[in-house]
Engineer: 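Once you've had a glance at the structure underneath, I'll fire off some questions.
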2 protein chains.
Amino acid sequence: MPTIKDVAKLAEVSVATVSRVMNNNGYVNQNTRQRVEEAIKQLNYRPNDVARSLFKGKSKMIALFVPDIMNPFFPQLARAVEDTANKYGYLFVLCNTDNDNEKEIAYLNALLQKTIDGIILVSNTIQVDQINDINVPIIALDRKINSNIISVTVNNREGASQAVRYLKETGCKRIAHIAGPKDVSSAKQRLEGYLDEVQSEEWFTTDYIRYGNYTVKEAYQATEELLSQHPEIDGIFAANDLMGVSVLKAAKNLGFDIPNQLSVIGYDGMELSDITSPTLTTMAQPIYDIGKRAVEILIEKIENSDKEVESEQYQVQLSVKESTHERREVDE
Amino acid sequence: MPTIKDVAKLAEVSVATVSRVMNNNGYVNQNTRQRVEEAIKQLNYRPNDVARSLFKGKSKMIALFVPDIMNPFFPQLARAVEDTANKYGYLFVLCNTDNDNEKEIAYLNALLQKTIDGIILVSNTIQVDQINDINVPIIALDRKINSNIISVTVNNREGASQAVRYLKETGCKRIAHIAGPKDVSSAKQRLEGYLDEVQSEEWFTTDYIRYGNYTVKEAYQATEELLSQHPEIDGIFAANDLMGVSVLKAAKNLGFDIPNQLSVIGYDGMELSDITSPTLTTMAQPIYDIGKRAVEILIEKIENSDKEVESEQYQVQLSVKESTHERREVDE
DNA sequence: CTGTAATATGTAACCGGTTACACACATAAT
DNA sequence: ATTATGTGTGTAACCGGTTACATATTACAG
C-alpha cells in the first residue's frame, strides 16, 4: 500500500501539499494539483483512514445495537441504517445484544476504544447511567430509553388502538390480544392501545390477554389455550406479525375459519405477513423510514454537536389483507 | 478520555511501561505493575484502538459481504459471523451489496482504507481480478468464487439429489423443480442435483423446471403456471425455503391437497419453514456452522498468514415436516 | 571479583495522516 | 516606494499508541 509520502515523492511536493489536494483545503497551484492527482492515480493511492481517524478523533463509523438480527423485524431496520450511513460516508457496525446488558456494555467499550462516532440503540436492557457519561452521540430507535435520550419511534399505542378499532369496524365483538414481553416498551404500549379500546366494553375480561412474548412458539401456545378456553372470540390482535402468524396457524389447527369465523391482525408489516395463507392483515410500521431517520439525526448530532435535535414519532398504517374482512353476515 | 500519558503521569512511570503492563510484554516490576494497574483503574483508562491499529497495521475488524440481509437466509449467517468474530476479539462489519459489483468495489475500497483484517464474501458478482491483488485474507462463503479463493460451502448438488430421492421414496412419480437464479452457483448446483435424479426418468421433461429466482413472488407465479399446465405433478422441489413457501401457497390456492396430492420440499432449513401450515419439509443447511467456520478459517489466515488453510464443504440434512409424507395409497 | 545474563525502565522513532506556522513571492492598495 | 493581502509550499508538531534501543541495576556463574 502506497502512503502519502510515496505520492509526495512522485509528485515532487511535500506531504502537506498532497493532503491539501486530497482535502481540497488551502491553496494549491493548478499545476501542482495536477501533478499530485496524477501521482495519486498512478500509484492507486488511497489515504489510510486509521491515520486520519487518529488525528481527527473521529472514525466515520456508527453502530446499531439490536437484540437479535435473526428476529425478522431487524434486518429491515439494519438495512435502512446501513444504507443511510453509507450515503453519508459512514461505515456501519452491527451489534447483536440478545437483550443482555453485559454484551451491551462489552460492545459499548469496544466501540468507544475504536472512537465510534455515534450509536443507535434498540434496547430495553441498557441502564441510563451506563450511557449518560458517554460523550458520543446516542439515539434510541424503536424503543425509548428515557426522556433524555433522543428517540425515533412509532406511536405504538395509537397504532394498536387503530388495529382494534378496525377489528370492531369489521364486526368483531370479542377481541383478544396476544401481547409481547412485559418489559419491552413497544409491547407495553400496544397492550395499552388495546386496552384503550376494549377496557370499557361489557364483554371485556383480562383473560382475553395472553402473553406470546414476541415469539412464534409462545404465541402458538398462548393462542391454543386462549381459543380453547374462549371459543367465543372472533378477533385477535397480535402485538407483532411473528405472533400473528402463529395465531393464524394455531387457530387454523383448532378448526377456526379465518377470516369468516375469526379475524386476525398483526403488527409490524413484515414480508412475513404476505407469505402465509391467508395473508395477515397488519399495522405496518415505517421500519425503513425510522431507521433512516435515526441515522440522519445521529449524523446531525455528530457533525454539528451544538445543534439541538428532537425526538420523533411516526405513525403506523393499516395494511388490510386476507385475515380480516367486512363480515356482514355476522350482524346480530 | 484519558490517554496513556495520563496513566503514565499518575503512576509516575513512562508510557512504555504502561504499554508493557497492558500488553503483558517485556519486564515490569511487580510493584510498578500494581501502581500502573491502579492508575488505569482510577482513570478508567481504555487504550485507543485507532492508535494501536495505526502502528500495527491491523484493525481487529472483519467484514461480511452479503447480497441482502433482508433475505432471511442471511441473518443467521451474519449472526454466526458476528458471534465468532467477537469471540476472537474482532469487530464485525456487515456490508449489503445487492449483488451490485459497484457496491462491492466501493465497500472493498472503504474497508481497505480502514485496514480491515479480513473479508468474508457471499457473492456471485465479484470478479476474481478485483480481489486477486488485495493482500487481505478473503474467504468465500456459501458460494464459491473460484478455486484460488478458499471457500466454505455446503454440498448443494448432493443435497438436492437427496431431496429428490426423498420425494421418490415417499411415492412421488412426477417431480418438478422451482429453480433459483441461473447465475448463482448454489442454484445451479441444486438444479444439477435435481437433474441427476430425474434426467433418466421416462416421465421427465425440461418443462418441469421453472425459475423462481429465489424470490417469493416469482416462485409463486412459476408454480401457478407449472401446476396449471401440469396437474399430473405430485412432487415439487424448491431450491430454497422462501420459494418453497410460495409453492405451498400457490398450490393450495389452486386447490392442491398437500401433502396428500402434492409433496413439497424446500432447501435451507430456515425458521420460515416452521411457521407455514403445513410446515415445510426441507433440506437443512448448517448455516450457523458454515458462518462460524468461515470466521475461524479467516482468523487463522489473518493471525498466521503462512499457514495453509483449505476449503471445506458441509452436508445438508433432511428435515421432514408436514409438506411431505409416505403416500401408500398412491401405489400404482 | 569479574563477566554475563536477567530484570527494569526510560527515550525516542515510528505508524500515516492533518494542520499550525513560517516563509517566499506576487499583486493590489496607499 | 511601502505596506497589506492573497497565493503557494514546506517543516514540524500532533494524534495515542508500540517497540527498538540504550542504560542501569541486580543476580548468578566461574
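Here the structure is a predicted model, which means the values were calculated and not measured. A note on names: the letters A, B, ... follow the listed sequences, proteins ahead of strands, and every chain is numbered from 1.
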Engineer: Please identify the 5'-most and 3'-most nucleotides of DNA chain D with any atom under 4.0 angstrom from a heavy atom of chain B.
Structural biologist: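 It runs dG16(D) to dA20(D).
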
Engineer: Which is true for Asp49(A) with a 4.0 Å heavy-atom rule: it touches a base, it touches only sugar-phosphate, or it touches nothing?
Structural biologist: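 The answer is nothing, as Asp49(A) stays clear of every strand by at least 4.0 Å.
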
Engineer: In whole angstrom, give the distance that lies between atom OH of Tyr27(A) and atom C1' of dC21(C).
Structural biologist: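 My rounded result for the distance is 15 Å.
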
Engineer: Mapping Thr17(B) and Lys56(B) onto DNA chain C by nearest heavy atom, which one lands closer to the 5' end?
Structural biologist: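 Nearest nucleotide further toward 5': that of Thr17(B).
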
Engineer: With DNA chain D as reference, determine whether Ala16(A) or Ser19(B) sits nearer its 5' end, using the nearest nucleotide of each.
Structural biologist: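 So the residue in question is Ala16(A).
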
Engineer: Tell me: CG of Asn25(B) to P of dT9(C), nearest whole Å?
Structural biologist: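 Roughly 15 Å, once rounded to whole Å.
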
Engineer: Suppose we screen for side chain to side chain contact (heavy atoms under 4.5 Å, CB included). Which residues come up paired with Ala51(B), at least two apart in sequence or across chains?
Structural biologist: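 Listed in chain order: Leu54(A), Asn48(B).
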
Engineer: Within this structure, what is the CG-to-C1' distance between Asn29(A) and dC25(C), rounded to whole angstrom?
Structural biologist: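 About 12 Å, once rounded to whole Å.
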
Engineer: Are a donor atom and an acceptor atom from the side chains of Arg143(A) and Asn124(A) found within less than 3.5 Å of each other?
Structural biologist: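 Distance-only check passes for Arg143(A) and Asn124(A).
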
Engineer: Under 4.0 Å, heavy atoms only, any strand: does Val13(B) hit a base, just the sugar-phosphate, or nothing?
Structural biologist: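 The residue Val13(B) makes sugar-phosphate contact but no base contact.
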
Engineer: With heavy atoms under 4.0 Å as the rule, sort Thr32(A) into base, sugar-phosphate or nothing.
Structural biologist: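 Here Thr32(A) touches the backbone only, sparing every base.
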
Engineer: Will you find, in the side chains of Glu296(A) and Thr84(A), an N or O donor that is under 3.5 Å from an N or O acceptor?
Structural biologist: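 No - no donor-acceptor pair under 3.5 Å links their side chains.
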
Engineer: Determine whether the side chains of Arg35(B) and Asn29(B) contain a donor N or O and an acceptor N or O closer than 3.5 Å.
Structural biologist: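 Side chains of Arg35(B) and Asn29(B): no pair found under 3.5 Å.
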
Engineer: For residues Tyr107(B) and Asn96(B), is any side-chain donor paired with an opposing acceptor at under 3.5 Å?
Structural biologist: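 Absent: no donor and acceptor within the cut-off.
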
Engineer: Here's a test of your reading of the structure: between Val18(B) and Ser14(A), which maps to the more 5' nucleotide of DNA chain D?
Structural biologist: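 In this pair, the answer is Ser14(A).
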
Engineer: For Val50(B), which contact category applies under a 4.0 Å heavy-atom criterion: base, sugar-phosphate, or nothing?
Structural biologist: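 Nothing, no nucleic acid heavy atom in range.
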
Engineer: Would you say the side-chain atoms of Tyr27(A) and Thr32(A) include a donor-acceptor pair closer than 3.5 Å?
Structural biologist: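 No, because no side-chain N or O of Tyr27(A) sits under 3.5 Å from a partner of the opposite role on Thr32(A).
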
